[in-house]
A.B. asks: 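Right, I'll just put the structure down here and ask away after.
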Amino acid sequence: MARILVVEDDRDLRNGVVYALENEGYEVETAGSLWELEAIPVSSVDAVLLDITLPDGSSRDYLEKLRKVSGVPCLFLTAHNTERDMIAGFDAGADDYITKPFSVPLLLRRLKAVLSRGNRESDLKYCAKGFVYDFREKKLVNEGGFVPLSKTETRLLEVFLRNRNQVLTTEILLGKIWDVDGNFVDKNTLSVTVTRLRAKIEEDKKHPKWIRNVFGIGYKWSDRDEE
């Protein structure tokens, strides 16, 4: 069973989360501050439940550093659900967030979802059929050649790769993609970005093999042979 790191300074809440996770069969590691967190090797855990505000600083800074070396799934625990806080959390590298107070069933569902995406320490590179993307260096090589990407294209590609072979609705993509100034990308901009990304990675833009349309829903990154 997966090993989960719970980072929360509220002892009662932390103990409640630990109890719920252990009842589900998870192994649990805990920390109540950034100081305690720094002493835990992230390679030893499969996912992190991370409180945004800790007594000795913001965990966003920790996550930004972590994302340079690890793709371990991270679920933010936050008492704030404003648009600005959501953007800041995703921009730091969070995979998802949950607002306090939260129900145990919802927390468990969100945790299972981020675990299923496969963002593990060993998953710092995506390789399939001559397509190689390095999450750490943010560099793409396709059929042996370097492919330059804009920041928005890079962000979109990473969302697809971290959720490969899963249907992503337009709304999900819009919630995870924004421009470098923190502005939400609208549906038209998303469509244009998908088109531009396809132009750079697909052999045949009219019959894409990587980014496939799911009619009336959204898109899916496919690395499986499909008709």
Side-chain angles (χ1 to χ4, degrees), residues 60 63-74 76 83-84 86-97 113-114 116-120 122-226:
R60 291 193 189 100
L63 183 54
E64 287 177 351
K65 295 178 182 178
L66 176 64
R67 279 295 174 254
K68 295 178 181 179
V69 298
S70 174
V72 64
C74 181
F76 261 142
E83 178 180 296
R84 183 174 181 179
M86 290 163 57
I87 292 174
F90 283 126
D91 208 18
D95 294 278
D96 203 349
Y97 77 99
V114 297
S116 70
R117 294 169 192 165
N119 298 343
R120 300 292 305 278
S122 60
D123 197 26
L124 290 177
K125 283 189 178 181
Y126 171 85
C127 305
K129 305 175 185 176
F131 188 105
V132 180
Y133 181 75
D134 189 316
F135 285 92
R136 182 185 299 175
E137 299 294 332
K138 297 189 180 301
K139 291 183 179 180
L140 170 62
V141 174
N142 193 17
E143 300 296 339
F146 172 71
V147 181
L149 299 174
S150 70
K151 290 186 177 180
T152 305
E153 290 165 354
T154 298
R155 183 63 182 169
L156 178 61
L157 176 62
E158 289 190 353
V159 172
F160 277 131
L161 294 183
R162 294 194 187 282
N163 298 274
R164 50 192 177 272
N165 301 310
Q166 297 183 45
V167 176
L168 296 175
T169 67
T170 300
E171 288 70 24
I172 288 175
L173 290 170
L174 289 174
K176 289 181 176 290
I177 306 298
W178 54 90
D179 66 25
V180 294
D181 295 319
N183 300 312
F184 277 114
V185 173
D186 60 24
K187 290 184 178 181
N188 181 62
T189 304
L190 173 61
S191 178
V192 170
T193 303
V194 169
T195 299
R196 290 176 175 171
L197 184 57
R198 277 176 169 160
K200 293 182 177 182
I201 66 175
E202 301 283 3
E203 293 180 4
D204 184 351
K205 293 183 292 182
K206 294 183 179 180
H207 301 90
K209 70 174 183 178
W210 296 114
I211 304 173
R212 307 197 181 204
N213 286 71
V214 180
F215 184 74
I217 300 177
Y219 304 92
K220 178 176 71 170
W221 179 275
S222 178
D223 56 12
R224 300 170 181 166
D225 293 326
E226 299 179 8

A.B. asks: If I compare all heavy atoms of V159 with all of L173, which pair ends up nearest, and what's the gap?
C.D. replies: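 So the minimum-distance heavy-atom pair works out to CG1-CD2, 3.8 Å.
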A.B. asks: When rounded to the nearest 0.5 angstrom, what distance separates NZ in K151 from OG1 in T193?
C.D. replies: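 OG1 of T193 is found 14.5 Å from NZ of K151.
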A.B. asks: Could you measure the distance from the CG atom of L63 to the SG atom of C74? Nearest 0.5 Å is fine.
C.D. replies: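 Going from the CG atom of L63 to the SG atom of C74 covers 4.5 Å.
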A.B. asks: Going by side chain to side chain donor-acceptor pair (under 3.5 Å), name the residues that satisfy it together with T169, two or more places apart in sequence or in a different chain.
C.D. replies: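 Partners of T169 under the side chain to side chain donor-acceptor pair (under 3.5 Å) test: none.
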A.B. asks: Could you go through N213 and V194, starting from their C-alpha distance and side-chain angles, then the distance that decides it, and tell me whether this counts as side chain to side chain contact (heavy atoms under 4.5 Å, CB included)?
C.D. replies: CA-CA 10 Å; N213 286 71; V194 169; over 6 Å; no
A.B. asks: Apply side chain to side chain donor-acceptor pair (under 3.5 Å) to D134 and list each qualifying residue two or more places apart in sequence or on a separate chain.
C.D. replies: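 D134: no side chain to side chain donor-acceptor pair (under 3.5 Å) contacts found.
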A.B. asks: How would you list, by chain and number, every residue that makes a side chain to side chain donor-acceptor pair (under 3.5 Å) with K138, sequence neighbours excluded?
C.D. replies: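 With neighbours one apart ignored, the set is E158.
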A.B. asks: Would you please say whether a donor-acceptor pair under 3.5 Å links the side chains of D186 and T189?
C.D. replies: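 The answer is yes; a qualifying pair exists.
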A.B. asks: For the pair K200 (side chain) and P148 (backbone), establish whether a donor and an acceptor sit closer than 3.5 Å, ignoring hydrogens and angles.
C.D. replies: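 Pair found, side chain donor or acceptor close to backbone of P148.
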A.B. asks: After noting the C-alpha distance and the side-chain angles of H207 and R212, does the key distance pass the side chain to side chain contact (heavy atoms under 4.5 Å, CB included) rule?
C.D. replies: CA-CA 8 Å; H207 301 90; R212 307 197 181 204; over 6 Å; no
A.B. asks: Ignoring hydrogens and geometry, is there a side-chain-to-backbone donor-acceptor pair from R164 to L161 under 3.5 Å?
C.D. replies: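 Answer holds: yes.
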A.B. asks: In Å, rounded to the nearest 0.5 Å, how long is the span from NZ of K220 to CD1 of I211?
C.D. replies: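 Output value for this atom pair is 13.0 Å.
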A.B. asks: Between atom CG of N165 and atom CH2 of W221, what is the distance when rounded to the nearest 0.5 Å?
C.D. replies: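 CH2 of W221 is found 10.0 Å from CG of N165.
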A.B. asks: Has the side chain of E64 got a donor or acceptor atom that lies under 3.5 Å from a matching backbone atom of G93?
C.D. replies: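 A pair under 3.5 Å: no.
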A.B. asks: Using the benzene-type ring in the case of Trp, are the ring centres of W210 and Y219 under 6.0 Å apart?
C.D. replies: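 No; Y219 has its ring centre 6.0 Å or more from that of W210.
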A.B. asks: Between V132 and L140, does a side chain to side chain contact (heavy atoms under 4.5 Å, CB included) hold up when you go through it step by step?
C.D. replies: CA-CA 6 Å; V132 180; L140 170 62; over 6 Å; no
A.B. asks: Is it true that F131 and Y133 have ring centroids separated by less than 6.0 Å?
C.D. replies: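 Not under 6.0 Å, so no.
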A.B. asks: Salt bridge check: are E153 and R196 linked by an N-O gap of less than 4.0 Å?
C.D. replies: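 Salt bridge between E153 and R196, a charged N being under 4.0 Å from a carboxylate O: no.
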A.B. asks: What heavy-atom pair brings K209 and E143 nearest, and what distance separates the two atoms?
C.D. replies: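 Shortest heavy-atom contact: NZ-OE2, 4.5 Å.
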A.B. asks: How many angstroms lie between CZ in R60 and CZ in F76, if you round to the nearest 0.5 Å?
C.D. replies: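 Spacing of CZ (R60) from CZ (F76) equals 6.0 Å.
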A.B. asks: If you round to the nearest 0.5 Å, how far is CG of L174 from CG of L168?
C.D. replies: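 Result: 11.5 Å between the selected atoms.
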